[in-house]
Amino acid sequence: MMRVEMTDEVIAGEEIVAEIKAGADGAVCVFDGIVRDNTRGRKTLYLDYEAYREMALEKMRGLAGEAVERFGVRDVTLVHRLGRLMVGETSVLIVVASAHRGAAFEACRWLIDTLKKTVPIWKKEQFVDGAIWADGEPFPEAVGLGVMDAEESGRPSDDAHISESRYGAPGETGDASEALDSGDGEQSGHAAHDAPTSEATYGAPGSLAKVEGGGGR
């Protein structure tokens with residue numbers, strides 16, 4: 001039985017990895033996503049994660065099952081933490097058990113990349129000089145000048161949840177249906193980077209976005 005959870009408690013990584021191992025396994029691949037102390041030179045104090053728990057769990061279960069079928073691995077564990085996380089703490093743990101290492105590596109990478117794009121989980125980063133939702137707004141021009149990374153190039157950063165999605169960040173007041181029609185944020189009255197959005201169709205907690213019909217992530 002695949003283990004898929006969302007928790008408000010510290011993720012016990014070593015115990016979870018030990019539990020998944022079986023005699024038929026030749027490899028166990030682990031992705032341990034942890035809170036780092038900075039983003040593009042801005043010192044990070046902590047992160048706050050929010051989610052639509054029921055929908056997030058449903059999507060995570062679907063991803064786990066798809067990974068087993070797609071890559072032929074034996075078992076998958078997905079655990080994501082919510083609430084306030086301090087630097088060095090685990091936000092998401094993905095463990096893949098397989099007879100062969102190649103399949104385990106491929107499944108693990110696919111799971112974290114797809115989770116970030118499709119699961120309704122949002123990350124708010126609290127800096128010493130302010131706070132933003134991940135990919136929620138551009139950094140000041142004076143920060144990270146000359147550094148061309150995923151955020152500057154318009155592509156989702158590796159640690160930003162839901163940057164390609166249509167869920168909208170918590171507290172957003174945009175009209176999701178307008179964003180879907182226009183294909184970008186500006187037509188809906190928001191800058192394209194004002195808030196993360198998702199491939200799914202639900203507004204975020206506390207938002208006024210309409211239902212049209214989702215970290216790392």
Side-chain angles (χ1 to χ4, degrees), residues 4-13 16 31-60 63 78-94 111-140 143-144 149-151 156-174 176 179 185 190-209 214-217:
V4 178
E5 299 176 4
M6 304 199 78
T7 180
D8 297 306
E9 306 299 327
V10 173
I11 296 175
I16 292 172
F31 174 81
D32 187 350
I34 60 177
V35 179
R36 64 171 179 260
D37 64 3
N38 75 93
T39 296
R40 292 179 60 187
R42 295 178 79 179
K43 183 175 177 58
T44 300
L45 299 179
Y46 54 82
L47 302 181
D48 287 315
Y49 281 94
E50 294 186 25
Y52 279 137
R53 286 181 183 253
E54 183 176 346
M55 181 181 292
L57 280 170
E58 180 181 350
K59 291 216 172 256
M60 288 167 65
L63 290 178
L78 296 179
V79 182
H80 204 298
R81 186 174 167 189
L82 300 179
R84 180 156 297 177
L85 280 72
M86 307 309 293
V87 172
E89 292 189 301
T90 295
S91 60
V92 57
L93 186 73
I94 299 177
L111 280 164
I112 186 58
D113 288 349
T114 310
L115 182 150
K116 285 175 175 290
K117 294 178 182 179
T118 64
V119 178
I121 300 172
W122 301 271
K123 179 180 75 175
K124 187 174 185 180
E125 193 158 3
Q126 180 67 52
F127 302 104
V128 294
D129 59 347
I132 63 170
W133 291 97
D135 279 2
E137 62 184 58
F139 280 76
V143 177
D149 62 11
E151 289 166 323
S157 60
D158 285 342
D159 65 337
H161 283 258
I162 321 305
S163 55
E164 291 183 346
S165 62
R166 296 190 186 278
Y167 284 99
E172 181 186 348
T173 58
H190 296 275
H193 294 291
D194 276 353
T197 52
S198 161
E199 295 171 357
T201 50
Y202 293 81
S207 82
L208 300 179
R217 105 239 298 78

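Start at 1 with the first residue, then count along the sequence.
- With sequence neighbours excluded, the residues satisfying side chain to side chain contact (heavy atoms under 4.5 Å, CB included) with Leu57 are Val4, Met6, Arg61.
- Scanning all heavy atoms of the two residues, the minimum distance from Ala51 to Leu82 falls at CB-CD2, 3.8 Å.
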Would Tyr52 and Glu58 satisfy side chain to side chain contact (heavy atoms under 4.5 Å, CB included), going step by step from the backbone distance to the final call? CA-CA 10 Å; Tyr52 279 137; Glu58 180 181 350; over 6 Å; no

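- When all heavy atoms of Asp129 and Arg42 are compared, the pair lying nearest together is OD1-NH2, 3.1 Å.
- Rounding to the nearest 0.5 Å places CG of Leu111 at 5.5 Å from CD1 of Ile94.
- Within a 6.0 Å sphere centred on CD of Gln126, other residues, nucleotides and ligands contribute more than 12 heavy atoms.
- Every residue meeting the salt bridge (Lys or Arg N to Asp or Glu O under 4.0 Å) condition with Asp8, not counting sequence neighbours, appears here in chain and number order: Arg53.
- Considering every non-hydrogen atom in both Phe127 and Thr39, the closest pair reads CE2-CB, 3.9 Å.
- The side-chain contact (heavy atoms from CB on, under 4.5 Å) test with Leu47 is passed by exactly one of Met86, Arg84, Glu125, Glu89: Glu125.
- The heavy-atom pair separating Asp32 from Thr90 by the smallest distance is OD1-OG1, 2.7 Å.
- A pairwise comparison of heavy atoms in Ile121 and Ala56 identifies CG1-CB, 4.4 Å as the closest pair.
- Across Ile11 and Ser91, no two heavy atoms sit closer than the pair CD1-O, 3.9 Å.
- Separation of atoms CG (Leu93) and CZ (Phe31) is listed at 9.5 Å; rounding is to 0.5 Å.
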